[in-house]
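Have a look at the structure below, then the notes.
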Amino acid sequence: VDTTNIVNNLITNPSFEVDDSGWSYSAGGAVDTAQSYIGKSSLRVDTQNSGDGATYNVALASDTMYTFSFYAREGNANYNGFATMYAGYNDGTSDTNCLSSQSVSASGWTRYTCTFTTGTTSGTPNIYIRQSDNVDRSIHIDGVQLLDNTLPSSLFTGTDSTFESGIGNWSGYSGGAPTQSSTQAHMGTYSGRIITSGGGGQHGASLTVSGASPSTTYVIKAYIRLDAASSSATYQLGHVLDSGQVITSSTGCDSAVPV
């Protein structure tokens with residue numbers, strides 16, 4: 001995975017291929033070619049004290065959900081690893097951890113990921129990766145991603161895309177019944193759950209959006225899974241064409257895809 005080519009990555013220097021621009025870190029660290037997960041180099045952070053680590057300033061928006069991920073390993077294979085790494089964000093005023101007491105291997109790379117939602121941000125927000133103990137070690141970091149989970153279009157509201165405050169403007173389609181559920185979630189705490197009934201037919205959920213333009217290409221993306229009690233199934237993902245007040249056709253952009 002080349003994080004430098006991820007369009008939505010808010011970290012403009014995620015893999016340290018040229019330099020350490022944008023990053024601040026404990027004294028003694030450097031861009032290092034001895035270890036890398038992506039490309040030829042990583043950031044080596046030399047730590048001694050609790051709170052030592054690496055920080056990257058980034059313009060976090062208020063009341064916005066982000067997914068933060070990175071790869072890390074201890075720098076020397078002769079060490080035994082450690083379990084005191086933590087990571088999170090600062091809203092410009094205070095730190096909030098989204099990962100704590102993470103185990104880091106000395107023998108290979110591990111990917112770490114978390115999702116957080118900001119409150120009110122101000123000043124100079126940042127994301128950080130640190131240790132919580134007072135031990136001398138070297139931590140290598142590579143492949144850092146920070147993704148804004150807000151859909152890149154005004155056609156969806158936050159509730160319609162993440163279900164954190166309910167089902168928003170979703171409604172049942174052909175007998176399907178959408179509800180908010182905390183049983184499963186890919187982002188945040190909730191997901192939208194669609195309860196279907198037997199007897200055939202295309203039971204599901206639909207969302208009416210406004211502002212779509214003619215002759216324009218749109219991308220529909222969704223994370224989908226069955227609950228634990230369900231057998232295998234297929235789904236269709238698509239859009240409905242509306243001519244005046246009459247729905248004329250339904251076009252599936254993914255048809256009969258296994259779940």
Closest non-hydrogen atom pair between Ala72 and Met85, with its separation
CB-SD, 4.2 Å
Checking side chain to side chain donor-acceptor pair (under 3.5 Å) for the pair Asn13/Tyr56: CA distance, chi angles, key distance, verdict?
CA-CA 9 Å; Asn13 184 14; Tyr56 186 90; over 6 Å; no
Can you check whether Thr189 reaches Glu164 side chain to side chain, under 4.5 Å on heavy atoms?
yes
Between Gly172 and Ser206 the two heavy atoms that sit nearest each other are O-OG, 4.3 Å
Are the side chains of Ser15 and Asp142 in contact, using a 4.5 Å heavy-atom criterion?
yes
After noting the C-alpha distance and the side-chain angles of Asp32 and Ser41, does the key distance pass the side chain to side chain contact (heavy atoms under 4.5 Å, CB included) rule?
CA-CA 5 Å; Asp32 194 339; Ser41 56; over 6 Å; no
Kindly compute the distance separating OG (Ser69) from CG (Leu99), expressed to the nearest 0.5 Å.
10.0 Å
Assess the residue pair Arg225 and Gln184 against the criterion (side chain to side chain donor-acceptor pair (under 3.5 Å)); give the C-alpha distance rounded to whole Å, side-chain angles, the decisive distance to 0.1 Å, and a yes or no.
CA-CA 9 Å; Arg225 62 161 294 164; Gln184 303 287 350; 3.2 Å; yes
When you measure from the side chain of Asp91 to the backbone N and O of Ser94, does any donor-acceptor pair fall under 3.5 Å?
yes
So which heavy atom on Gly81 is nearest to which on Ala106, and how close?
N-CB, 3.8 Å
Verify the cluster assignment for Tyr190 and Tyr66: are they in a single hydrophobic cluster under the rule of side-chain heavy atoms below 4.5 Å apart?
no
Honestly, is Arg111 close enough over Phe70, meaning NZ or CZ under 6.0 Å from the six-membered ring centre and within 45° of the axis?
no
Classify the ring geometry of Phe68 against Phe116: parallel below 30°, tilted from 30° to 60°, perpendicular beyond 60°.
perpendicular
For Ala185 and Ser191 the tightest heavy-atom approach is CA-CB, 4.3 Å
Test side chain to side chain contact (heavy atoms under 4.5 Å, CB included) on Thr110 and Tyr37 and set out the steps.
CA-CA 10 Å; Thr110 302; Tyr37 183 81; over 6 Å; no
Minimum side-chain heavy-atom gap Thr118-Thr64 below 4.5 Å:
yes
With a 4.0 Å cut-off on N to O distance, would you call Asp52 and Arg137 a salt bridge?
no
CA sep, side-chain torsions, deciding dist, call: Ser26, Asp46, side chain to side chain donor-acceptor pair (under 3.5 Å):
CA-CA 6 Å; Ser26 309; Asp46 297 334; over 6 Å; no
So, do Ile129 and Tyr112 sit near enough that their side-chain heavy atoms are less than 4.5 Å apart?
no
According to the interplanar angle, ranging from 0 to 90°, do the rings of Tyr128 and Tyr86 count as parallel (below 30°), tilted (30 to 60°) or perpendicular (above 60°)?
perpendicular
Please state whether the rings of Phe163 and Trp170 are parallel, tilted or perpendicular, taking 30° and 60° as the class boundaries.
tilted
Would you say Ile127 and Leu146 make side-chain contact, with heavy atoms under 4.5 Å?
yes
Count I, L, V, M, F, W, Y as connected when their side-chain heavy atoms are under 4.5 Å apart, and connections chain through other members. Are Met65 and Tyr223 then in the same cluster?
yes
State plainly whether one hydrophobic cluster holds both Ile167 and Ile194, where clusters connect Ile, Leu, Val, Met, Phe, Trp and Tyr through side-chain heavy atoms under 4.5 angstrom apart.
no
Among Thr47, Asn49, Asp95, side-chain hydrogen bond (donor to acceptor under 3.5 Å, both in side chains) partner for Arg130
Asp95
Could you walk me through whether Glu74 and Ser138 pass the side chain to side chain contact (heavy atoms under 4.5 Å, CB included) check?
CA-CA 6 Å; Glu74 193 167 9; Ser138 293; 6.0 Å; no
Checking Arg73 against Ser105 for the side chain to side chain contact (heavy atoms under 4.5 Å, CB included) test, could you report, in this order, the C-alpha distance in whole Å, the side-chain angles of both residues, the deciding distance, and whether it holds?
CA-CA 5 Å; Arg73 62 166 294 165; Ser105 173; 5.7 Å; no
The single option from Asn149, Thr113, Asp148 passing side-chain hydrogen bond (donor to acceptor under 3.5 Å, both in side chains) against Thr67
Asn149
With side chains defined as the heavy atoms from C-beta onward, is the minimum distance between Asn90 and Pro125 less than 4.5 Å?
no
In terms of heavy-atom contacts, Ser42 and Gln35 come closest through OG-O, 2.8 Å
For Leu60, run the side chain to side chain contact (heavy atoms under 4.5 Å, CB included) check against Thr121, Thr124, Asn126 and tell me which one passes.
Thr121
Is there a side-chain contact between His140 and Leu43, using heavy atoms and a 4.5 Å cut-off?
no
Could you give the distance from CD1 (Ile195) to OG1 (Thr179), rounded to the nearest 0.5 Å?
4.5 Å
If you measure from CZ on Arg44 to CD1 on Ile141, what distance do you get to the nearest 0.5 Å?
11.5 Å
